[in-house]
Chemist: 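Have a look at the structure that comes next, please.
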Number of protein chains: 2
Amino acid sequence: MSTLKESIKSNLLNNNIKPSYQRVKILEFLMSRKNHPSVDEIYTELVKEIPTLSKTTVYNTLNTFIAAKIAQVLSIEDTETRYDANVSFHGHFKCKKCGNIYDFRLDTTDCKSDDLDNFLIEEKNVFYKGICNTCLENKNIDN
Amino acid sequence: MSTLKESIKSNLLNNNIKPSYQRVKILEFLMSRKNHPSVDEIYTELVKEIPTLSKTTVYNTLNTFIAAKIAQVLSIEDTETRYDANVSFHGHFKCKKCGNIYDFRLDTTDCKSDDLDNFLIEEKNVFYKGICNTCLENKNIDN
DNA sequence: ATATTTGCAAATAATTTGCAGTCGA
DNA sequence: TCGACTGCAAATTATTTGCAAATAT
């Protein structure tokens, strides 16, 4: 068995989550994908490998991951929720043209506001939208 | 007729939106409320004054406002979408205890990232979650 | 008059829930 | 065997759509 699979298993065990076949597969998928897949994408991809997989299990599993803080929700305002296995602080950029979602580094000390002086900030979400560099370069080509 | 209502009407007209009774009422409500109401809140409040109002109209109207950029969507990850008539750049803070959503000022030059050097940023969204100052002070009182 | 807006009811789509079958220690 | 996990189908909920009635210029 691959080392990656082993490390995923122990990651789950460390968070008191039993590493079932489905859970390991889902976390593996989430970590391997950079594009922050939706429930539907996760399901559609993995059902090829796990024909008995159900969407309910994908939902259950992701919610378990969120609760254990080994994954986070990406609320780039869209109809469907997207998920990210990278729980460290970073921003997201969604290209309006190609639809890709990019991660970007962000200074933790950044984005402060005096208005929140006596507030306890537990989660920070930063997301931008616009046109990515690739689409800007290809401006002349397409529609 | 109040000056506020007049200014709302001209605001709508300036954006090529016919200032129907419902639209004026909805924009007025959105501007008067600081708490970024959901469709349901807008509907439930305004239907008291406008008994014939339908949710469809609230949805239609808000989408018209969004398209004209006189309102913006607040995607504080929740089940329902919230709306904000303040379209200037600012952040939102949601208190996990009382559920209130607070605005906070944010430096426009803030939250930059080298990773986005060649990206065209058109929209910035920043929202935090945690406990607000009021709830922190009342920590000892409640549940 | 005529074009736009409104509002009901039905349709969609994402997510949750109830519960029965399955699996692993 | 027992409790947790899975997965189907039904339920729920936010939003959209089709279309007819109402409204305004």
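All chains are named by letter (A, B, ...) in the order of the sequence lines, taking the proteins before the strands, and each is independently numbered beginning at 1.
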Chemist: Write down the distance between CD1 (Ile66(B)) and P (dT16(D)), rounded to a whole number of angstrom.
Modeler: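 Checked: the CD1 to P distance equals 11 Å.
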Chemist: Please determine, for the side chain of Thr52(A), which listed nucleotide (dG7(D), dT6(C), dT15(D)) has the closest atom?
Modeler: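 Nearest to the side chain of Thr52(A) among the choices is dG7(D).
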Chemist: Using whole Å, report how far NZ of Lys25(B) lies from C1' of dG7(C).
Modeler: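 About 19 Å, once rounded to whole Å.
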Chemist: Do Asn125(A) and His92(A) get their side chains close enough for a donor-acceptor pair, meaning under 3.5 Å?
Modeler: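 Absent: no donor and acceptor within the cut-off.
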Chemist: Check the distance between dT15(D)'s C1' and Arg82(B)'s CZ and give it to me in whole angstrom.
Modeler: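 Answer to the nearest Å: 16 Å.
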Chemist: At 4.0 Å (heavy atoms only), tell me whether Lys18(A) reaches a base, stays on the sugar-phosphate, or touches nothing.
Modeler: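 Contact class for Lys18(A): sugar-phosphate only.
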Chemist: Between dT4(C), dT15(D), dC8(D), which nucleotide has the shortest distance from any of its atoms to the side chain of Thr81(B)?
Modeler: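 Nearest to the side chain of Thr81(B) among the choices is dT15(D).
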Chemist: Per the side-chain contact (heavy atoms from CB on, under 4.5 Å) rule, which among Ile8(B), Leu12(B), Asn60(B) passes with Arg23(B)?
Modeler: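 With Arg23(B) as partner, side-chain contact (heavy atoms from CB on, under 4.5 Å) holds for just one option, Leu12(B).
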Chemist: Asp40(B) CG to dT16(D) P: how many Å, rounded?
Modeler: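 For the pair Asp40(B) CG and dT16(D) P, the rounded distance is 14 Å.
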Chemist: Between dA13(C) atom C1' and Tyr43(A) atom OH, what is the distance in whole Å?
Modeler: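 It is 16 Å, rounded to the nearest whole Å.
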Chemist: Can you see if the side chain of Asn63(A) gets near the phosphate of dT16(C) - specifically, an N or O under 4.0 Å from OP1 or OP2?
Modeler: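 Yes, because at least one side-chain N or O of Asn63(A) sits under 4.0 Å from OP1 or OP2 of dT16(C).
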Chemist: Report the nucleotide, chosen from dT6(C), dC5(D), dG7(C), that has the shortest atom-to-atom distance to any side-chain atom of Arg23(A).
Modeler: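 Out of dT6(C), dC5(D), dG7(C), the nucleotide with an atom closest to Arg23(A)'s side chain is dC5(D).
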Chemist: Separation of Leu46(A) atom CG from dT6(D) atom P, in whole Å?
Modeler: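 It is 13 Å, rounded to the nearest whole Å.
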Chemist: Choose from dT16(C), dG7(D), dT5(C) the nucleotide whose nearest atom is closest to any side-chain atom of Tyr59(A).
Modeler: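 Closest nucleotide among those given: dT16(C).
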Chemist: From C-beta outward on Asn60(B), which listed nucleotide comes closest to its side chain: dT17(D), dG7(D), dA4(D)?
Modeler: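 Out of dT17(D), dG7(D), dA4(D), the nucleotide with an atom closest to Asn60(B)'s side chain is dT17(D).
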Chemist: Which nucleotide in the set dT16(D), dG7(D), dG7(C) lies at the smallest distance from any side-chain heavy atom of Gln22(B)?
Modeler: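 So the side chain of Gln22(B) is nearest to dG7(C).
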Chemist: Choose from dG7(C), dT4(C), dA9(D) the nucleotide whose nearest atom is closest to any side-chain atom of Thr56(B).
Modeler: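 Output: dG7(C).
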Chemist: Would you tell me whether Ser54(B) and Thr57(B) have side-chain atoms, one donor and one acceptor, within less than 3.5 Å of each other?
Modeler: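 There is such a pair (donor and acceptor under 3.5 Å, judged by atom type) between the side chains of Ser54(B) and Thr57(B).
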Chemist: Can you measure Asn16(B) atom CG to dT4(C) atom P for me and round it to whole angstrom units?
Modeler: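 In whole Å, dT4(C) P and Asn16(B) CG are 13 Å from each other.
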Chemist: Is there a side-chain polar atom (N or O) of Ser20(A) under 4.0 Å from OP1 or OP2 of dT6(D)?
Modeler: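 The answer is yes; a side-chain N or O of Ser20(A) sits under 4.0 Å from OP1 or OP2.
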Chemist: Could you tell me whether Lys96(A) atom NZ has more than 12 heavy atoms of other residues or ligands within 6.0 Å of it?
Modeler: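 Yes, because the 6.0 Å sphere around NZ of Lys96(A) holds more than 12 heavy atoms from other groups.
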Chemist: Let's see if you can work this out: which of dA14(C), dC5(D), dT6(C) has an atom nearest to the side-chain heavy atoms of Thr57(B)?
Modeler: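 Minimum distance to the Thr57(B) side chain belongs to dT6(C).
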Chemist: Below 4.0 angstrom, N of the basic side chain to O of the carboxylate: do Asp40(A) and Lys55(A) qualify?
Modeler: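 Answer for the salt bridge query: yes.
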Chemist: Measure CG/Leu13(B) against P/dT25(D) and give the value in whole Å, please.
Modeler: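 Result: 10 Å.
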